[in-house]
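The residues of the chain are indexed from 1 along the displayed sequence.
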Amino acid sequence: MKKWTTILTAGTLAFVLSACGQTAEPKEDPMTGEKEEVVVKSELTAGEVIEKANAASETQHSLHSDMEIKQKIQMGEGTHDVDSTLSMDMILEPLAMHQTVNTQLAGEEVAVEQFITEDGFFMKDPQSGSWMKFEDDMYEQIMGQIAGAQESPVDFSMYEEYADDFTFEQTNDEYVLTLKGSGEKFTSLMNDMMKQNMPAGAEESLLEESDMKVEKVDMKITLDKKTFFTKDFDMDMIMVFEQQGEQAKITQNIKGTMTKINEIEEIKVPKEILDSAVDMSDMMNQQ
């Protein structure tokens, strides 16, 4: 199943399944506090909307995504701010991706550009500006990770206990689902979702060895009312990790938009990159 939102937001769309019995109320204007006028009000429940969104995801084969990630990491007496922006074009079958990630940390900015296609996994060295080609199995690992996320079934019963934590609203053009929560039950859900979306090659035991608590999770997901495609999401989260007596508190905001759905037909690695990229497997063999 082509669950693009699972791939892009690490399963956050699954939260909204808990509001399956609600019909959408007119959205409240954050400035005036008044309900917006909805000319043609939909009587679909949240569950019906999500079913249609899942069905719509089956028709998606490409998209563009922009994300903005702001993190504050507190460890001991030190605090680190990590701000990142990501711009990505993606085609699902066959898997192809072009993304640029800009990260600001400790006053320095690092830009990383990557191509992932059937030609291989290429990355631009942020310091030298030269291109590197990684071993062929890196493409297979990434493709397998995304395929695993696609095939993960949605267990509706898993989210029933969160029904009271949602609001479900609508405008003339959009459905808006909002979650505000904290405490042990959200810690458990986030832990499960993180395990399901571990990066390729990562050890699940890292999560099991860490004590994680969710102090806060606020999330808003917007769906297009006509197509049922996900338009954007906004998530605030505060998590505390503790491992071997050391504690880290992470405050995170992620904003993302999805556009150009089914408009991207091809992603190619430019010829100059194919010709100039240093093969990392050859370098490893020489060492």
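- Residues satisfying the side-chain contact (heavy atoms from CB on, under 4.5 Å) test with Thr100, not counting sequence neighbours, are His98, Asn102, Glu113.
- With sequence neighbours left out, the side-chain contact (heavy atoms from CB on, under 4.5 Å) criterion links Lys249 to Gln74, Glu215, Ile238, Val240.
- If you take CD1 on Ile69 and CE on Met67, they are separated by 4.5 Å, rounding to the nearest 0.5 Å.
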Exercise for review: Kindly determine whether Phe121 and Gln114 satisfy side-chain contact (heavy atoms from CB on, under 4.5 Å), including the steps that lead there.
Suggested key: CA-CA 7 Å; Phe121 178 14; Gln114 298 173 331; 3.7 Å; yes
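- Taking CG from Asp232 and CG from Leu223, the interatomic distance works out to 9.0 Å, rounded to the nearest 0.5 Å.
- In plain terms, the two heavy atoms of Lys52 and Phe228 that are nearest each other are CD-CZ, 3.3 Å.
- Surrounding CD of Glu246 are at most 12 heavy atoms belonging to other residues, nucleotides or ligands under 6.0 Å away.
- Taking every heavy atom of both residues into account, Val269 and Phe115 meet most closely at CG2-CB, 3.8 Å.
- Heavy-atom minimum distance, Ala56 versus Thr227: CB-O, 3.4 Å.
- Residues passing the side-chain hydrogen bond (donor to acceptor under 3.5 Å, both in side chains) test with Gln252 are Gln71, sequence neighbours excluded.
- To the nearest 0.5 angstrom, Glu48 atom CD is 9.0 Å from Tyr175 atom OH.
- A distance of 12.0 Å separates OG of Ser62 from CD of Glu266, quoted to the nearest 0.5 Å.
- Partners of Met132 according to the side-chain contact (heavy atoms from CB on, under 4.5 Å) rule, which considers only residues two or more places apart in sequence or in another chain, are Met123, Asp125, Phe134, Met280.
- Across every non-hydrogen atom of Lys225 and Ser42, the tightest pair is CE-CB, 3.9 Å.
- Interatomic distance, Ile273 CD1 to Phe122 CZ, rounded to the nearest 0.5 Å: 8.0 Å.
- Expressed to the nearest 0.5 Å, how far OG1 of Thr117 lies from CE of Met97 amounts to 11.0 Å.
- Under the rule for a salt bridge (charged side-chain N to carboxylate O under 4.0 Å, His left out), the partners of Lys231 that lie at least two apart in sequence or sit in another chain are Glu174.
- Judged as a side-chain hydrogen bond (donor to acceptor under 3.5 Å, both in side chains), and not counting sequence neighbours, Glu68 has no contacts.
- A 6.0 Å sphere centred on CD of Glu109 holds more than 12 heavy atoms belonging to other residues, nucleotides or ligands.
- Shortest non-hydrogen contact noted between Ala111 and Pro126 is O-CB, 3.3 Å.
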Let me check something: any side-chain donor-acceptor pairs from residues 253-265 under 3.5 Å, sequence neighbours excluded? List them with distances.
| residue | atom | partner | partner atom | Å |
| --- | --- | --- | --- | --- |
| Asn253 | ND2 | Asp234 | OD1 | 3.1 |
| Asn253 | ND2 | Met235 | O | 3.3 |
| Asn253 | ND2 | Asp236 | OD1 | 2.7 |
| Asn262 | OD1 | His61 | N | 2.7 |
| Asn262 | ND2 | Thr59 | O | 3.1 |

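- Side-chain contact between Phe233 and Met219 is absent, with no heavy-atom pair separated by less than 4.5 Å.
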Contacts table for residues 78-92: side-chain donor-acceptor under 3.5 angstrom, sequence neighbours left out:
| residue | atom | partner | partner atom | Å |
| --- | --- | --- | --- | --- |
| Asp81 | OD1 | Lys72 | NZ | 2.9 |
| Ser84 | OG | Thr103 | OG1 | 3.2 |
| Ser87 | OG | Asp66 | OD1 | 3.3 |
| Asp89 | OD1 | His64 | ND1 | 2.7 |

Point to revise | Full working for side-chain contact (heavy atoms from CB on, under 4.5 Å) between Phe168 and Val49 | key: CA-CA 10 Å; Phe168 179 36; Val49 167; 3.8 Å; yes
Practice item. Would you please test Leu105 and Val110 for side-chain contact (heavy atoms from CB on, under 4.5 Å) and show each step? Key: CA-CA 8 Å; Leu105 173 64; Val110 177; over 6 Å; no
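- Scored by the salt bridge (charged side-chain N to carboxylate O under 4.0 Å, His left out) test, Lys271 finds Asp275 as partners (sequence neighbours excluded).
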